[in-house]
Amino acid sequence: MSSTDASTENDLPSRLGMARLTMSELGACEPCFDLLAFVDCVRMGCAFVRDATGVLLLLITDVQDVDLRAWARSKVGPFKVAWVTQATLEAWLAHCERHMSALGTMALSDGAASSQSEADRAEQLSLYQIGADESPAVRFVNSTLFDALRTGASDVHLESTPGGMAVKFRIDGVLNLQRHLDHRELAAQAVSRIKVMAQLDIAERRVPQDGRLQIGYEGRTVDVRVSIMPSIHGEDAVLRVLDRQHLARTLEGLTLAKLGFNPEAITALERWSKRAHGMLLVTGPTGSGKTTTLYATINQTLNTRDKVITIEDPVEYQLPGVLQIPVNEKKGLTFARGLRSILRHDPDKILVGEIRDADTAQIAVQSALTGHLVFTTVHANTAFDVVGRFTQFGIDPYTFASAINGIVSQRLLRKVCGACHLPASEPSDLPDIEDMHQLDGERWGSPRWVKAVGCEACRGTGYAGRFALGEVLELTNVMKGLIAARAPLDQIQRHALAEGWQSLRSLALRAAAAGLTTMEEVDRVAS
């Protein structure tokens, strides 16, 4: 190319109204690999950045590639375009690789030697490693896991479709479609790759399989539970991400107030956790934060005078000074067997991760009656349904009522995004007449009903983060008498309401009136 042709090409971005960035100017920009993964930046020859003023820019090297810009706009939304030379883009991407690898090395050097050896054995995830993978299936699986960790997803769903595979991340408790892989053979290879990583049978495609794998990410080891399920279009995979080091950092300074509980719930939980004996029960669906609530409660009252022992499946948080036992059913260590052994270890407080069967329920109740303070969870829809659940376990209502201090029925609601929410105006975004009637007894200043919109900050969902709601049921002497006498649940509920009990719906409406969430979220979680 002649110097005249090169000069003409370099002037074209200016004539098209595009900014021209140098390497030094890119150094002042913030990479946006959450919008476009690093491996895709290398493959597509482009990247997203934010300049010093926060404007989103698409870096391109070919100003005439309109298809690339259209593809990026369909993926991300509105942005401005900036031109860089091919050499500048490659040098900048290489700099980003080295910088992130350096952060990973620093994180690794801070860990213990045992953690480092685990990371050495785990499948390593890094931008450099993903770009170096030659197998499309390996690159697809690793880049999916890398993006899931970057976005804070709790679960990765790989769902087989007639044309390939849909990739979904569960973020803040809600599934979000990330991409669709239009390649059936590659989709099958990806599931096989996950089976190999989890040491499952790759030849077996007719029955479900469960396993575990470990990946190394930024110098730490992340555990992943794997569930493979046959479907009519192939096999589906669900990967549950258990980032223990991230959870450990979350536990530092963890309190019930930080989880979002209202003052009444915090007061009740603290009061129950300071009693010498009895049972504190948290109920709710899977993924509603029950274990986190129990840990926050124990964390606030932890002292050197009490012997605290937990048995869990798995151990999600690591508490200093607490004996924590992981369930291992393959080796015969069940909740019931472990709990029997714990009682011979002279505990003051016991945390049972979950009551799943009659044997565990019987031992837990007896422990609460014989001078131990028991923290545990059980699956039930409401606090009142817990009574029926223990009856199914064969526990006498009088015995159950004598053991229980209180019950919390918990849910997690998404917080409305602070950057894009708007005042609610449409009838569908406001409470109906029945809800307003339920709120008549509340003391409100000026309700701030809001609606979710969606922006770049919240990835178009309209929500960012979650908070806990707790329906608190304290068993007073009168309540225990009603349960022991096998009174109907509606009679027990009417008495609780007279004593000041508030339903989950009422608490959720209060949060919506305070502008913390939307009526759409209230209807989704506390209908």
Side-chain angles (χ1 to χ4, degrees), residues 6-7 9-107 126-128 130-131 143 146-147 149-152 171 178 217-218 249 415-422 452-465:
S7 176
E9 182 182 10
N10 290 341
D11 288 340
L12 185 56
S14 299
R15 295 203 302 269
L16 294 176
M18 296 181 188
R20 297 171 57 184
L21 299 182
T22 63
M23 186 64 182
S24 60
E25 290 171 331
L26 281 177
C29 296
E30 179 186 357
C32 296
F33 295 129
D34 55 335
L35 299 179
L36 184 64
F38 182 88
V39 63
D40 291 329
C41 293
V42 175
R43 178 173 57 88
M44 302 295 294
C46 63
F48 282 103
V49 299
R50 291 191 185 277
D51 64 14
T53 63
V55 175
L56 183 65
L57 301 175
L58 172 66
L59 305 180
I60 62 172
T61 59
D62 184 357
V63 297
Q64 297 179 339
D65 191 346
V66 294
D67 291 336
L68 176 62
R69 279 177 279 169
W71 171 82
R73 191 164 285 108
S74 66
K75 183 179 180 65
V76 175
F79 53 77
K80 291 187 177 180
V81 181
W83 178 78
V84 295
T85 65
Q86 182 71 32
T88 298
L89 181 63
E90 291 176 356
W92 179 76
L93 289 173
H95 169 75
C96 291
E97 270 190 345
R98 290 193 299 271
H99 178 64
M100 294 193 72
S101 296
L103 287 178
T105 303
M106 290 170 59
S126 67
L127 298 173
Y128 174 81
I130 292 173
S143 61
F146 187 87
D147 287 348
L149 288 167
R150 285 286 300 272
T151 57
I171 302 173
Q178 299 298 308
Y217 175 72
E218 292 188 349
R249 289 195 300 269
K415 294 179 183 178
V416 69
C417 176
C420 64
H421 72 272
L422 294 175
V453 178
C455 64
E456 294 174 1
C458 60
R459 296 183 177 86
T461 63
Y463 301 91

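The structure presented is a predicted model; accordingly, all values stated were derived computationally and were not measured. Throughout, numbering of the chain's residues begins at 1 and tracks the sequence.
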Is there any salt bridge (Lys or Arg N to Asp or Glu O under 4.0 Å) pair reaching into residues 54-68, and which pairs are they, with sequence neighbours excluded?
none
From Leu89 atom CG to Cys41 atom SG, the distance as rounded to the nearest 0.5 Å
8.0 Å
Go through the structure and list residues passing side-chain hydrogen bond (donor to acceptor under 3.5 Å, both in side chains) with Glu90, not counting sequence neighbours.
Gln86
Tell me the closest heavy-atom pair linking Leu56 and Pro78, and the distance in Å.
CD2-O, 3.9 Å
Please list, chain by chain and in numerical order, all residues satisfying side-chain hydrogen bond (donor to acceptor under 3.5 Å, both in side chains) with Thr88, sequence neighbours excluded.
Thr85
Rounded to the nearest 0.5 angstrom, the SG-OH distance for Cys420 and Tyr463 is 10.0 Å
Atom pair CH2/CG of Trp71 and Leu36 - distance to nearest 0.5 Å:
4.5 Å
Please assess Phe48 against Val76 for the test side chain to side chain contact (heavy atoms under 4.5 Å, CB included), listing each intermediate value before the final yes or no.
CA-CA 10 Å; Phe48 282 103; Val76 175; 3.5 Å; yes
What pairs of residues pass the salt bridge (Lys or Arg N to Asp or Glu O under 4.0 Å) test when at least one of them lies in residues 45-54, not counting sequence neighbours?
Arg50-Glu456
If you look only at pairs with a residue in residues 24-34, which of them pass as a salt bridge (Lys or Arg N to Asp or Glu O under 4.0 Å), with sequence neighbours excluded?
Asp34-Arg459
Atom of Ala452, atom of Gly462 and distance for their closest heavy-atom approach
CB-O, 3.7 Å
What residues, two or more places apart in sequence or in another chain, satisfy side chain to side chain contact (heavy atoms under 4.5 Å, CB included) together with Val81?
Met18, Ile60, Arg69, Phe79
Closest approach of Thr461 and Cys458, non-hydrogen atoms and distance?
OG1-O, 2.8 Å
Calculate, to the nearest 0.5 Å, the distance between atoms CG and SG belonging to Leu93 and Cys46 respectively.
9.5 Å
Please lay out, stage by stage, how Val49 and Leu59 fare under the test side chain to side chain contact (heavy atoms under 4.5 Å, CB included).
CA-CA 7 Å; Val49 299; Leu59 305 180; 3.9 Å; yes
Derivation and outcome, side chain to side chain contact (heavy atoms under 4.5 Å, CB included), residues Leu21 and Leu57:
CA-CA 11 Å; Leu21 299 182; Leu57 301 175; 4.2 Å; yes
